[in-house]
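For reference, the structure is listed below as structure tokens.
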Amino acid sequence: MKYIGYLFIFFLGSILGIAPFLLTSIRPPSTLQVNIHNQSGVPISNIIITGQDGAVILNKLHPHQTKEIPLIMFGEGTYEISATLQNGKIISSQGGYVEPGYRVKEIIKPNSIEHEYISFY
């Protein structure tokens with residue numbers, strides 16, 4: 001009977017010890033919504049958004065066209081965006097601090113990419 005008590009305490013301690021790890025490391029992915037607006041004046045051949053948990057490629061974005069791209073994230077972080085204009089010029093930018101659920105806007109200009117927060121949740 002004494003060993004059953006020890007076994008129960010060991011089992012309970014194991015469960016309580018591993019529960020925080022499971023709750024923080026096994027979580028479903030969420031998305032960051034990136035709204036991309038082409039104000040460069042020329043068509044964009046491709047756009048690559050690279051986050052810590054993956055990348056998304058968007059082909060062809062016409063002048064003044066807007067697309068919303070979901071980027072999968074497993075927590076807070078940053079992302080990078082790179083756009084190749086039709087004339088071959090490459091414009092890159094480091095996005096700001098983001099978390100899943102954020103909505104951001106990336107405005108692609110002729111020589112730069114401007115970053116704006118649309119909403120936080």
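As a basis for the values below, the full set of heavy atoms in this structure was taken, side chains included, without hydrogen atoms, waters or symmetry mates.
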Could you go through the side-chain contact (heavy atoms from CB on, under 4.5 Å) check for Ile36 and Ile44 one step at a time? CA-CA 11 Å; Ile36 301 171; Ile44 297 174; 5.8 Å; no

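- In this structure Lys105 satisfies the salt bridge (Lys or Arg N to Asp or Glu O under 4.0 Å) test with no other residue, sequence neighbours excluded.
- Interatomic distance, Ser45 OG to Lys60 NZ, rounded to the nearest 0.5 Å: 6.0 Å.
- No donor-acceptor pair closer than 3.5 Å links the side chain of Asn38 to the backbone N or O of Gln65.
- Between atom CG of residue Leu32 and atom OH of residue Tyr79 there is a gap of 6.0 Å, rounded to the nearest 0.5 Å.
- Put simply, CG on Leu61 and OG1 on Thr66 are 7.0 Å apart, with the number rounded to the nearest 0.5 Å.
- Hydrophobic clustering of Ile, Leu, Val, Met, Phe, Trp and Tyr side chains at less than 4.5 Å, counting indirect connections, unites Ile69 with Leu85.
- Here the shortest heavy-atom pairing between Ser40 and Pro110 reads O-CG, 3.6 Å.
- Side chains of His64 and Gln39: a donor-acceptor N/O pair is absent below 3.5 angstrom, by distance only.
- Here the straight-line distance linking atom OG of Ser93 with atom CD1 of Ile107 works out to 11.0 Å at 0.5 Å rounding.
- Across every non-hydrogen atom of Gly75 and Pro100, the tightest pair is O-CD, 3.3 Å.
- Atom CD1 of Ile72 and atom CG of Asp53 lie 8.5 Å apart (nearest 0.5 Å).
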Start with the C-alpha gap between Glu106 and His37, add the side-chain angles, then the distance that decides, and say whether side chain to side chain donor-acceptor pair (under 3.5 Å) holds. CA-CA 6 Å; Glu106 299 292 341; His37 186 65; over 6 Å; no

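- Nearest heavy atoms, Gly54 versus Leu71: O-CD1, 4.0 Å.
- For the atom pair Gln52 CD and Met73 CE, the distance stands at 6.0 Å (nearest 0.5 Å).
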Audit row: Thr31, Gln33, side-chain contact (heavy atoms from CB on, under 4.5 Å) steps and yes/no: CA-CA 6 Å; Thr31 56; Gln33 296 298 322; 3.3 Å; yes

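- Note on Val42: it clusters hydrophobically with Ile91, by side-chain heavy-atom contacts below 4.5 Å among ILVMFWY residues.
- Below 30°, between 30° and 60°, or above 60°: for Tyr102 and Tyr97 the angle between ring planes is above 60°, a perpendicular geometry.
- In this structure, a donor-acceptor pair under 3.5 Å is absent between the side chains of Thr78 and Glu80.
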Kindly indicate, with the supporting measurements, whether the criterion side-chain contact (heavy atoms from CB on, under 4.5 Å) is fulfilled by Leu58 and Val56. CA-CA 7 Å; Leu58 173 64; Val56 177; 5.6 Å; no

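- Residues passing the side chain to side chain contact (heavy atoms under 4.5 Å, CB included) test with Asn59 are Asn46, Ile57, sequence neighbours excluded.
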